[in-house]
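Remarks on the structure that follows.
Lettering follows sequence order; numbering is per chain, from 1. Quick caveat: nothing in here was measured; it's all calculated off a predicted structure.
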There are 2 protein chains.
Amino acid sequence: MGTTGRRPGAYVCGIDAAMDVIGGKWKVLILWALHERPCRFGELRRELPGVTEKVLASHLREMEADGLVHREAYDEVPPRVEYSLTPRGVSLNAALEPLGAWGSANVLSPAPGQMREDDDVPLVTGAA
Amino acid sequence: MGTTGRRPGAYVCGIDAAMDVIGGKWKVLILWALHERPCRFGELRRELPGVTEKVLASHLREMEADGLVHREAYDEVPPRVEYSLTPRGVSLNAALEPLGAWGSANVLSPAPGQMREDDDVPLVTGAA
DNA sequence: CGGTATCCTGGATGATACTG
DNA sequence: CAGTATCATCCAGGATACCG
């Protein structure tokens, strides 16, 4: 189900097991969106600029199967479906927080002095 | 680099920024292996059962460019190259720990009661 | 030993159209 | 509104061979 191709029993450690669950291109974003509040399908689609219905539906089904997301369908017309995080989804989000913080600090705004080589900003610290 | 296809500036949050850096199929495993000790290319290949030279080399180059891995080439014959984690790589590993714990607890040995639907093991707790 | 150079493939993702 | 069905595409990853 994830993207690595490895499956239960073939996992080397907990990390790549988790990676398999959140490996989908939009899964962490879905997780993040639902973390703020339960969302309907259409809302979710608007929250994730660029996702297609097919992929969103597919990811949601996988995440539901993985016990991360709860799907509540109301038998009304027009149809209404609400997605929310399960306790397990909430705990996954919590486990992702340090990673998010790391990404914010090291990718979104990399610390000078250990950036990528192809980034040769002179970095004038004030002594110029 | 990464697998999401999104790139700097297009990141929605720190998490998917981080995901882009560790998205490669073997990257977290490389990170883990180097976390224990510096490794030569060949050692690394043996640590990751199934990885090909091309992919391993490619991942290592990306991780080097991302400032996670340090490459030290010794000018000897036969050639020797050692890979190790940079401080940033070490910090990423630390940020991944909660995720690893989550994966171990929820994927490797899922808690009963919220497992995947297609897993209908009766779960005899000892009363049999 | 530690790679590079090619070629190729599967599966995740995307585009579009249609339905209950 | 909330999807499903189909077809098209892209490319990370794998197989293999060769090089300094």
Side-chain angles (χ1 to χ4, degrees), chain A residues 1-7 10-12 16 19-30 33-34 38-66 69-84, chain B residues 1-7 10 12 16 19-31 33-34 38-66 69-84:
Chain A
M1 165 158 323
T3 48
T4 65
R6 272 176 256 111
R7 272 277 78 185
Y11 294 128
V12 177
D16 68 321
M19 288 296 299
D20 199 30
V21 160
I22 59 174
K25 182 168 177 178
W26 307 90
K27 288 191 179 176
V28 297
L29 300 181
I30 293 174
L34 294 182
C39 277
R40 304 179 54 170
F41 187 88
E43 288 180 295
L44 229 31
R45 184 147 63 111
R46 265 169 262 124
E47 297 276 353
L48 312 181
V51 73
T52 62
E53 297 160 344
K54 175 199 160 188
V55 170
L56 178 55
S58 161
H59 280 188
L60 284 170
R61 267 187 272 110
E62 291 181 1
M63 295 172 76
E64 197 189 348
D66 281 328
V69 162
H70 172 70
R71 185 196 129 116
E72 188 74 37
Y74 301 89
D75 199 1
E76 309 173 353
V77 43
R80 185 163 66 96
V81 177
E82 277 215 341
Y83 293 93
S84 57
Chain B
M1 119 189 359
T3 48
T4 66
R6 271 176 258 111
R7 271 277 78 186
V12 179
D16 67 322
M19 287 296 299
D20 199 30
V21 161
I22 59 173
K25 182 169 178 178
W26 307 90
K27 288 191 180 176
V28 298
L29 300 181
I30 293 174
L31 228 39
L34 294 182
C39 278
R40 304 178 55 168
F41 188 87
E43 288 179 295
L44 228 31
R45 185 147 62 110
R46 264 168 262 124
E47 297 276 353
L48 312 182
V51 73
T52 62
E53 297 161 345
K54 174 201 160 188
V55 170
L56 178 55
S58 161
H59 280 189
L60 284 171
R61 269 187 271 109
E62 290 181 0
M63 295 172 77
E64 197 188 349
D66 282 329
V69 162
H70 172 70
R71 186 195 129 116
E72 188 73 38
Y74 301 89
D75 199 2
E76 311 172 350
V77 42
R80 184 163 66 97
V81 177
E82 276 215 343
Y83 293 93
S84 57

OP1, OP2 of dT13(C) versus side-chain N and O of His59(A): anything below 4.0 Å? yes

With a 4.5 Å cut-off on side-chain heavy atoms, are Leu60(A) and Phe41(A) touching? yes

Tell me whether the side-chain N/O atoms of Lys25(A) come closer than 4.0 Å to OP1 or OP2 in dG14(C). yes

If only atom types and distance count, is the side chain of Glu43(A) paired as donor or acceptor with the main-chain N or O of Arg40(A) below 3.5 Å? yes

Provide, to the nearest angstrom, the distance between the CD atom belonging to Glu47(B) and the P atom belonging to dG2(C). 14 Å

Length of the line joining Glu53(A):CD and dG14(C):C1', which is rounded to integer Å: 12 Å

How long is the line joining CG of Leu48(A) and P of dG14(C), in whole Å? 11 Å

Calculate the interatomic distance between Leu56(B) atom CG and dC1(C) atom P; express it in whole Å. 14 Å

Where the side chain of Arg80(B) is defined as all heavy atoms beyond and including C-beta, which of dG2(C), dG14(C), dG20(C) is the nearest nucleotide? dG2(C)

Among dG2(C), dG14(C), dG3(D), the nucleotide that comes nearest once only the side chain of Phe41(B) is considered: dG2(C)

Taking only side-chain N and O atoms of Arg40(B), does any of them lie within less than 4.0 angstrom of OP1 or OP2 on dG3(C)? no

Does any non-hydrogen side-chain atom of Trp26(A) lie less than 4.5 Å from one of Leu56(A)? no

Within the structure shown, what part of the strands sits under 4.0 Å from Arg45(A) by heavy-atom distance: base, sugar-phosphate, or nothing? nothing

Looking at dG14(C), dG3(D), dT4(C), which one has an atom nearest to any side-chain atom of Val81(A)? dG3(D)

Taking N and O atoms by type only, does the side chain of Lys54(B) place a donor or acceptor under 3.5 Å from a partner on the base of dG3(C)? no

With a cut-off of less than 4.0 Å, is there a side-chain N or O of Arg61(A) near OP1 or OP2 of dT4(D)? yes

Presence of Tyr83(A) side-chain N/O under 4.0 Å of dG3(D) phosphate oxygens OP1/OP2: yes

Nearest-Å distance, CE (Met19(A)) to C1' (dA12(C))? 15 Å

Between P on dT4(C) and CD on Glu62(B), what's the gap in Å once rounded to a whole number? 12 Å

Of the nucleotides dG3(C), dG3(D), dA2(D), which has the atom closest to the Ala57(A) side chain? dG3(D)

Distance, rounded to the nearest Å, where Asp16(A) contributes CG and dG13(D) contributes P: 14 Å

Answer yes or no: is there a side-chain heavy-atom contact under 4.5 Å between Lys27(B) and Glu62(B)? yes

If you measure from CG on Leu34(A) to CD on Glu47(A), what distance do you get to the nearest 0.5 Å? 9.0 Å

Could you say whether Pro78(A) or Ser58(A) is positioned toward the 5' end of DNA chain D, judged by the nucleotide with the nearest heavy atom to each? Pro78(A)

Which residue lies more 5' along DNA chain C, comparing Pro79(A) with Val55(A) via nearest heavy atoms: Val55(A)

For residues Lys25(A) and Val55(A), determine if any side-chain heavy atom of one lies less than 4.5 Å from a side-chain heavy atom of the other. no

How long is the line joining CH2 of Trp26(B) and P of dG13(D), in whole Å? 10 Å

